[in-house]
Amino acid sequence: EPEVTQTPSHQVTQMGQEVILRCVPISNHLYFYWYRQILGQKVEFLVSFYNNEISEKSEIFDDQFSVERPDGSNFTLKIRSTKLEDSAMYFCASRARANQPQHFGDGTRLSIL
Amino acid sequence: LAKTTQPISMDSYEGQEVNITCSHNNIATNDYITWYQQFPSQGPRFIIQGYKTKVTNEVASLFIPADRKSSTLSLPRVSLSDTAVYYCLVGDSTGTASKLTFGTGTRLQVTL
């Protein structure tokens with residue numbers, strides 16, 4: 001069964017450093033998402049991406065965040081200058097088309113020191 | 001986005017059927033009902049999605065009454081490995097965004 005894959009599984013970074021989280025969505029999916037989950041809290045929406053542009057973003061997704069689909073297979077989330085409060089699990093998701101469910105990867109655990 | 005209410009936790013013995021009910025009184029016409037399962041340190045895993053009546057797949061059934069103000073996820077003969085958090089989400093999945101808004105979910109504990 002096709003799945004969303006995310007790398008790395010765990011990223012440890014010094015505060016203030018840039019970090020790029022990578023995702024390979026399911027092939028032929030058209031809609032892409034990033035969510036995050038701080039330890040012990042709810043899964044929170046960050047951004048949705050369709051047709052090579054952001055379709056919606058949350059208040060969390062400020063100027064420090066950016067997303068890119070550099071080629072036909074990868075979808076990345078960049079945090080320019082990480083803060084301690086960025087420590088969380090980051091989940092990528094994709095869906096094939098409207099009315100289809102989103103499928104999630106197993107996340108990248110980001111630890112900011 | 002329709003707000004959902006589901007029990008915080010449930011306990012079950014292995015082999016029993018588990019029914020988790022979710023209420024969504026202000027569900028909109030375009031809204032679908034979707035259930036996810038999440039294990040610790042893993043991403044939410046899609047279980048089932050429906051719009052009305054009954055939907056069944058290889059792992060669960062979803063019952064939606066005619067007024068669509070609630071839904072029930074039914075897990076037949078649960079095992080220890082079904083111990084997880086289960087999320088009921090309601091939203092319009094027809095748009096280009098269609099973000100998912102997660103609540104705190106129902107923590108299901110299955111024991112022998």
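Since the structure is predicted, the reported quantities are computational estimates derived from the model, not experimental observations. Just so we're on the same page: letters track the sequence lines, and every chain starts at 1.
- By the 6.0 Å contact criterion, CZ on B:Arg107 is open, its count of non-hydrogen atoms from other residues, nucleotides or ligands being 12 or less.
- The side-chain heavy atoms of A:Pro101 and B:Tyr32, taken from C-beta on, include no pair separated by under 4.5 Å.
- At most 12 heavy atoms of other shown residues, nucleotides or ligands fall within 6.0 angstrom of atom CG in A:Asn28.
- Proximity to chain A at a heavy-atom threshold of 4.5 Å picks out B:Gln38, B:Ser41, B:Gln42, B:Gly43, B:Pro44, B:Phe46 from residues 37-46 of chain B, in numerical order.
- Residues of residues 105-113 of chain A that come closer than 4.5 Å to chain B, counting heavy atoms only, are A:Gly105, A:Asp106, A:Arg109, ordered by residue number.
- Atoms CZ and CG, on A:Phe91 and B:Leu100 in that order, are 13.0 Å from each other to the nearest 0.5 Å.
- Remark: A:Asp63 CG is loosely packed, at most 12 non-hydrogen atoms of other residues, nucleotides or ligands lying under 6.0 Å away.
- Transitive grouping of hydrophobic side chains (ILVMFWY, heavy atoms separated by less than 4.5 Å) keeps A:Val4 and A:Leu46 in distinct clusters.
- Within a 6.0 Å radius of CZ in A:Arg97, no more than 12 heavy atoms belonging to other residues, nucleotides or ligands are found.
- A single hydrophobic cluster is not seen to contain both A:Ile26 and A:Tyr31; linkage of ILVMFWY side chains at heavy-atom distances under 4.5 Å, directly or through other members, places them apart.
- Neither the backbone nor the side chain of B:Tyr51 comes within less than 4.5 Å of any heavy atom of chain A.
- Counting heavy-atom neighbours within 6.0 Å of A:Lys83 NZ, excluding the residue itself, gives a total above 12.
- Under a hydrophobic clustering in which Ile, Leu, Val, Met, Phe, Trp and Tyr are joined whenever their side-chain heavy atoms come within less than 4.5 Å, directly or via other members, B:Ile47 and B:Met10 fall into the same cluster.
- Open room surrounds CD on A:Glu59; 12 or fewer heavy atoms of other groups in view lie less than 6.0 Å from it.
- Contacts between residues 34-43 of chain A and chain B, counted as heavy-atom pairs separated by less than 4.5 Å, involve A:Tyr35, A:Gln37, A:Lys42, A:Val43.
- The stretch residues 4-113 of chain A participates, sequence neighbours left out, in these disulfide (SG to SG under 2.5 Å) pairs: A:Cys23-A:Cys92.
- Residues B:Ile8 and B:Val18 are members of separate hydrophobic clusters, defined by side-chain heavy-atom contacts under 4.5 angstrom among Ile, Leu, Val, Met, Phe, Trp and Tyr.
- Contact check for A:Arg95 versus B:Ser98: side-chain heavy atoms found under the 4.5 Å cut-off.
- Closest heavy-atom contact between A:Asn99 and B:Gln49: O-NE2, 2.9 Å.
- One hydrophobic cluster holds both A:Leu21 and A:Ile60 under the rule that ILVMFWY side chains link at heavy-atom gaps under 4.5 Å.
- More than 12 heavy-atom neighbours from other residues, nucleotides or ligands sit within 6.0 angstrom of CG on B:Leu80.
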